[in-house]
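What follows is a short report on a single structure.
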Amino acid sequence: MAEYLTPLDAGFLGLEDSDDNVSMATGTLAVLEGPMPEHAALAATLAERLRGCPRFGQRLVRHALDLSAPEWVDDPHFDVAHHIGRVAAPAPGGDAELHAVVADVMSWRLDRDRPLWEIWVIGGLSDDRWALLMKVHHCIAGSTAAAHMLTGLSDNGMSQHGPGAAAPPAADRPAHTRPLLDLNPVHWVYNLRGVVELASGLLQPASSPLNGPITSRRRYSTARVPLDGIEQVCRAFEVTVDDVVLAALTESYRDFMIRRGEIPEPDSLRTLVPFSPSSPDAAPTAESRASVLLPRLPVEESNPIRRLLAVRSRLAQAKAGGQRHAARAVISAAGLLPVTWSGWAARLFGQLRQRGVVALATNVAGPAEPLQIMGCDVVQVLPVPPIAMQLRAGVSALSYAGDLFIGVLADFEFAAVDELARGLEAAVARLVARSRRRRPLRDWHGLALVRSA
């Protein structure tokens with residue numbers, strides 16, 4: 001039975017086609033400790049563990065003039081050697097050199113004539129380390145599925161699922177089905193309100209060095225913060241992990257702007273935040289993957305706690321305003337039209353010089369337990385988001401084995417990636433310190449009070 005690209009995934013291809021310097025591949029970087037296995041043995045092991053996901057042996061066939069949706073077909077010339085490569089980081093092999101390799105690999109597009117994925121084995125690292133960079137096109141897997149593919153490649157995944165079935169089913173997109181049209185006029189009004197909010201956010205100009213034309217080269221940096229500290233902040237201020245991550249990002253961007261002589265304004269940091277209302281283990285659907293929010297992050301607020309609470313409030317307002325339902329409704333409506341129209345629309349949209357959105361931020365749950373690959377411990381799992389739509393920087397957070405890892409991918413002309421990453425770490429540390437000062441008291445009436453941080 002033929003499988004065709006869904007409207008959402010056709011849009012990802014169209015967005016990539018809109019700009020020669022855009023690559024819609026998402027990445028997951030695993031840093032391992034221990035002697036790096038011999039390349040032939042490692043490649044054979046990875047190939048065996050990838051057999052559980054048929055999509056990795058398929059390529060896309062596009063039809064004449066894009067008059068019908070691209071179709072997934074088995075690649076008769078599939079050779080895993082075309083997809084598993086190796087590279088050495090330059091001396092001294094520290095994090096800076098590793099990040100430069102990742103930036104280079106993520107800057108080029110995947111070959112459309114082959115299955116849309118690559119795995120790069122990175123050697124030459126210091127302290128007895130090596131790394132795996134898994135690069136997958138967004139039309140195959142989003143950030144969540146790409147992160148959990150690592151479990152399928154690990155020894156842990158093999159022990160749980162057995163040979164040939166290690167790759168998680170989330171790597172495969174659901175087959176395209178025609179959605180039902182919602183005829184409830186109340187829902188139409190609610191969704192229209194959200195569509196207007198999203199459209200106005202995209203079209204409203206906001207002059208910023210964070211958006212503009214993208215070049216063919218990238219920069220990459222990372223941050224790492226303990227999850228238990230973030231959870232302490234969540235308990236102390238009744239917020240979510242997403243709230244804490246976005247508040248830290250807001251502070252880092254605020255400091256970046258101030259150091260450059262800019263005045264942070266209420267509209268200075270409108271941020272695209274992909275949002276999934278379903279659980280991480282739920283089967284992926286076009287609608288659940290399409291939910292987005294477009295909040296104005298409170299970059300004008302100088303107090304860290306007031307900023308955190310403002311983030312919580314603005315996210316709640318964005319959800320209540322119908323933004324998350326609006327994107328899902330638009331994708332569902334697009335599904336009623338020929339799939340190829342989504343690609344055309346995305347190409348047109350990608351060519352517009354939007355100035356309303358200046359940042360991209362995602363947060364996904366990764367493997368909770370430590371992983372091993374061929375007996376080597378996976379000590380870090382780092383996300384690598386794509387950048388497009390003239391957004392010069394993307395930030396993605398991923399939890400793994402008790403830590404939250406944050407990856408910042410940016411256009412090469414945006415040289416502040418390390419600055420943003422260190423700012424994120426400092427902002428989270430500041431919130432953790434404030435949370436420790438927040439403790440309950442009792443007034444003379446015996447009522448519980450909370451001392452402000």
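All values reported here derive from a predicted model rather than from experimental measurement.
Residues Val408 and Leu424 come closest through the heavy atom pair CG2-CD1, 4.4 Å. A pairwise comparison of heavy atoms in Asp113 and Arg59 identifies O-CD, 3.3 Å as the closest pair. Across Met36 and Ile122, no two heavy atoms sit closer than the pair SD-O, 4.3 Å. In plain terms, the two heavy atoms of Val80 and Ala47 that are nearest each other are CG2-CB, 3.8 Å. Cys139 and Leu60 make their closest contact through SG-CD1, 4.2 Å (heavy atoms, listed as atom of the first residue, atom of the second, distance). For the pair Asp411 and Ile214, the tightest heavy-atom approach, listed with the atom from each and the gap, is OD1-CG2, 3.3 Å.
A 4.5 Å side-chain heavy-atom check between Leu29 and Leu98 finds at least one atom pair inside the cut-off. Between Gln232 and Val432, some side-chain heavy-atom pair lies under the 4.5 Å cut-off. You'll find the side chain of Leu371 stays beyond 4.5 Å of the side chain of Asp155, heavy atoms only. In this structure the side chain of His77 never reaches within 4.5 angstrom of the side chain of His82, judged on heavy atoms. Counting heavy atoms from C-beta on, the side chains of Leu315 and Thr240 never come closer than 4.5 Å. With contacts defined as side-chain heavy-atom distances shorter than 4.5 Å, the pair Leu409/Pro386 does not qualify. The side-chain heavy atoms of Thr250 and Pro298, taken from C-beta on, include a pair separated by under 4.5 Å. No side-chain heavy atom of Thr26 sits under 4.5 Å from any side-chain heavy atom of Pro385.
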>> Applying salt bridge (Lys or Arg N to Asp or Glu O under 4.0 Å) to Asp243 and Arg307, what does each step give before you reach the verdict?
In response: CA-CA 10 Å; Asp243 296 333; Arg307 186 188 305 120; over 6 Å; no
>> Could you walk me through whether Leu110 and Ser23 satisfy the side-chain contact (heavy atoms from CB on, under 4.5 Å) test, starting with their C-alpha distance in whole Å, then the side-chain angles of each, then the deciding distance to 0.1 Å, before giving a yes or no?
In response: CA-CA 8 Å; Leu110 292 162; Ser23 168; 5.8 Å; no
> Under the side-chain contact (heavy atoms from CB on, under 4.5 Å) criterion, do Asp255 and Arg259 qualify, and how do the steps go?
Replying inline: CA-CA 6 Å; Asp255 292 343; Arg259 282 191 291 268; 3.5 Å; yes
> Between Leu404 and Ile230, is a side-chain contact (heavy atoms from CB on, under 4.5 Å) present by the stated rule, with each step listed?
Replying inline: CA-CA 9 Å; Leu404 189 72; Ile230 293 179; 3.5 Å; yes
>> Before you tell me yes or no, could you show the steps for Arg62 and Glu71 under salt bridge (Lys or Arg N to Asp or Glu O under 4.0 Å), namely the whole-Å CA-CA distance, both residues' side-chain angles and the distance that decides it to 0.1 Å?
In response: CA-CA 7 Å; Arg62 303 182 75 164; Glu71 181 181 354; over 6 Å; no
> Stepwise, does the side-chain contact (heavy atoms from CB on, under 4.5 Å) test hold for Leu382 with Thr28?
Replying inline: CA-CA 6 Å; Leu382 301 153; Thr28 304; over 6 Å; no
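Put simply, CG on Leu360 and CZ on Arg392 are 15.5 Å apart, with the number rounded to the nearest 0.5 Å. Taken to the nearest 0.5 Å, the CG atom of Leu150 stands 9.0 Å off from the CG atom of Leu398. For the atom pair CG of Leu269 and CZ of Arg296, the computed distance is 11.5 Å after rounding to the nearest 0.5 Å. Rounding to the nearest 0.5 angstrom, the gap separating the CG atom in Asp74 from the CD atom in Gln58 is 5.0 Å. Annotation: the span from Leu32 atom CG to Ile373 atom CD1 amounts to 5.0 Å, rounded to 0.5 Å. If you take CG on Asn363 and OG on Ser399, they are separated by 7.0 Å, rounding to the nearest 0.5 Å.
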Listing, residues 100-109 side-chain donor-acceptor contacts under 3.5 Å, not counting sequence neighbours, or none:
residue : atom : partner : partner atom : Å
Ser107  : OG   : Asp104  : O            : 2.6
Arg109  : NE   : Val22   : O            : 2.7
Arg109  : NH2  : Glu16   : O            : 2.5
Arg109  : NH2  : Asp19   : O            : 2.3
Arg109  : NH2  : Val22   : O            : 3.2

Atom pairs and distances, side-chain donor-acceptor, residues 86-97, under 3.5 Å, sequence neighbours left out:
residue : atom : partner : partner atom : Å
Asp95   : OD1  : Arg129  : NH1          : 3.1
Glu97   : OE1  : Gly94   : N            : 2.8

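Here Arg217 does not pair with Glu413 in a salt bridge; the nearest charged N to carboxylate O distance is not below 4.0 Å. Ion pair Asp17/Arg112 flagged as a salt bridge, since at least one NZ, NE, NH1 or NH2 atom sits closer than 4.0 Å to an Asp/Glu carboxylate oxygen. Between Arg254 and Glu262 there is no salt bridge, since no side-chain nitrogen of the basic residue lies less than 4.0 Å from a carboxylate oxygen of the acidic one.
Residues meeting the side chain to side chain donor-acceptor pair (under 3.5 Å) test with Asp403, sequence neighbours left out: Arg224. By the ring pair (Phe, Tyr, Trp, His ring centres under 6.0 Å) test, His83 pairs with Phe78, Trp117, sequence neighbours left out. Listed by chain and number, the residues in a side chain to side chain contact (heavy atoms under 4.5 Å, CB included) with Ser221 are His99, Val417, Asp418, Ala421, Arg422 (sequence neighbours excluded).
There is no side-chain donor-acceptor pair under 3.5 Å between Gln390 and Asn211. No side-chain donor-acceptor contact under 3.5 Å links Asn21 and Thr215.
Counting only residues at least two apart or on different chains, the ring-ring contact (aromatic ring centres under 6.0 Å, His included) pairs with a member in residues 367-420 are Phe256-Phe414.
Formation of a donor-acceptor pair under 3.5 Å by the Ser252 side chain with backbone atoms of Leu249 is not found in this model.
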